[in-house]
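Below, each value reflects all heavy atoms present in this structure, side chains not excepted, and no hydrogens, waters or symmetry copies. For reference, positions follow the sequence shown, starting with 1.
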Amino acid sequence: MRGIAASPGIGIGKAFVVKEEALSYVFRALTSGSEVKKEIQRFRQASAKTRSDILQTREKVLKVLGKSHAALIDVHLLILDDALFSKDVEKKITQERMNAEAALVAVLDHVGRTFDNWGTSIFASAKTIFWMWEST
C-alpha cells in the first residue's frame, strides 16, 4: 500500500485493490541445471532478506502503534514462511526454468485466481492480503 499517513489509527471502509498490470520484473529463462540451482538459492536469499525487512517493520509498528497493529504484519510473515508457497515458487523455477521473480508472480497470480474462483468474502480478503504482499 502506498500513501501518506495523516494520523495514527485505523481506517474503516470499503477496500479497493488495484493490481498493476505490468509488474517491474523481467522474465529470464534458465538454460542449465546450475542456473536453476543458483536461482533457487537467490530466491531463498531474497526470502530471508524480505523476512528480515518485515521483522524490522514489525518492530517499528509495535513501538509506534502497538501489538494489535503489529499483528497485521504477522500475516506477511505467515505467507512468506508458508512452506507450500515457497515450494511452489521453487517448483516453477525448477520445472519451468524461469527466474525467481517470474515464478513468484506466477504463483501469486495462481493463488489470486483460485480465490476469485471460490468467490466468498473470506477468500476475497485473503486475496487482498496476497496482492498487498506482492506490491510491497
Side-chain angles (χ1 to χ4, degrees):
M1 299 183 94
R2 295 183 183 114
I4 299 170
S7 63
I10 298 173
I12 299 174
K14 200 172 227 181
F16 294 95
V17 178
V18 178
K19 183 181 176 211
E20 295 178 27
E21 291 302 317
L23 298 173
S24 58
Y25 76 93
V26 175
F27 175 84
R28 185 171 45 86
L30 308 174
T31 58
S32 69
S34 64
E35 279 187 310
V36 169
K37 287 179 183 177
K38 286 178 187 176
E39 197 64 17
I40 288 173
Q41 186 60 32
R42 193 171 77 85
F43 170 69
R44 290 176 181 169
Q45 289 171 346
S47 294
K49 170 76 168 95
T50 300
R51 187 174 209 297
S52 174
D53 291 348
I54 292 171
L55 287 171
Q56 287 177 9
T57 300
R58 186 187 187 286
E59 287 305 310
K60 290 176 187 175
V61 169
L62 183 62
K63 288 177 185 174
V64 175
L65 299 173
K67 189 175 180 178
S68 62
H69 287 68
L72 295 171
I73 305 298
D74 292 339
V75 174
H76 297 302
L77 286 171
L78 289 171
I79 294 167
L80 186 63
D81 291 342
D82 184 326
L84 290 176
F85 183 75
S86 295
K87 285 182 195 282
D88 284 349
V89 173
E90 291 184 15
K91 186 176 173 183
K92 286 258 182 222
I93 294 169
T94 303
Q95 292 180 351
E96 298 182 33
R97 292 184 175 250
M98 61 174 60
N99 59 316
E101 294 86 349
L104 176 64
V105 169
V107 170
L108 288 172
D109 283 346
H110 174 73
V111 170
R113 283 191 310 275
T114 301
F115 288 148
D116 281 343
N117 291 337
W118 287 338
T120 62
S121 62
I122 186 92
F123 295 115
S125 297
K127 179 183 174 190
T128 300
I129 291 166
F130 272 102
W131 290 130
M132 285 171 38
W133 187 67
E134 178 182 323
S135 66
T136 56

side-chain hydrogen bond (donor to acceptor under 3.5 Å, both in side chains) partners for Glu35, two or more places apart: Thr31
Would Asp53 and Lys49 pass as an ion pair if we require N to O under 4.0 Å? yes
Can you name the residues that form a side-chain hydrogen bond (donor to acceptor under 3.5 Å, both in side chains) with Ser32, not counting sequence neighbours? Ser34
At their closest point, which heavy atom of Ile73 faces which heavy atom of Ile54, and how far apart are they? CG2-CG2, 3.5 Å
Measuring from atom CG of Asp88 to atom CG of Leu104, what distance do you get when rounded to the nearest 0.5 angstrom? 11.0 Å
If a pair satisfies salt bridge (Lys or Arg N to Asp or Glu O under 4.0 Å) and one of its residues is in residues 57-70, list it, with sequence neighbours excluded. Arg58-Asp74
Results of salt bridge (charged side-chain N to carboxylate O under 4.0 Å, His left out) for Asp82 - residues two or more places apart only: none
Would you call Gln95 and Lys91 a side-chain contact if the rule is heavy atoms closer than 4.5 Å? yes
Worked check of side chain to side chain contact (heavy atoms under 4.5 Å, CB included) between Met98 and Leu30: CA-CA 6 Å; Met98 61 174 60; Leu30 308 174; 5.9 Å; no
Sorted by chain and number, sequence neighbours left out, side-chain hydrogen bond (donor to acceptor under 3.5 Å, both in side chains) with Gln56 holds for none
Would Leu108 and Phe85 count as a side chain to side chain contact (heavy atoms under 4.5 Å, CB included) here? Give the steps. CA-CA 9 Å; Leu108 288 172; Phe85 183 75; 3.7 Å; yes
By side chain to side chain contact (heavy atoms under 4.5 Å, CB included) - contacts of Ser86 (at least two apart): Phe43
Rounded to the nearest 0.5 Å, how far does CD1 of Ile93 lie from CD of Gln41? 11.0 Å
Output all residues satisfying side-chain hydrogen bond (donor to acceptor under 3.5 Å, both in side chains) with Arg42, sequence neighbours left out; order by chain, then residue number. Glu39, Glu101
Measuring from atom CG of Leu55 to atom CG of Leu62, what distance do you get when rounded to the nearest 0.5 angstrom? 11.5 Å
Say whether, by atom type as modelled, one donor and one acceptor occur between the side chain of Asn99 and the main chain of Phe27 under 3.5 angstrom. no
Of all heavy-atom pairs between Ala103 and Val89, which one has the smallest distance, and what is that distance? CB-O, 3.7 Å
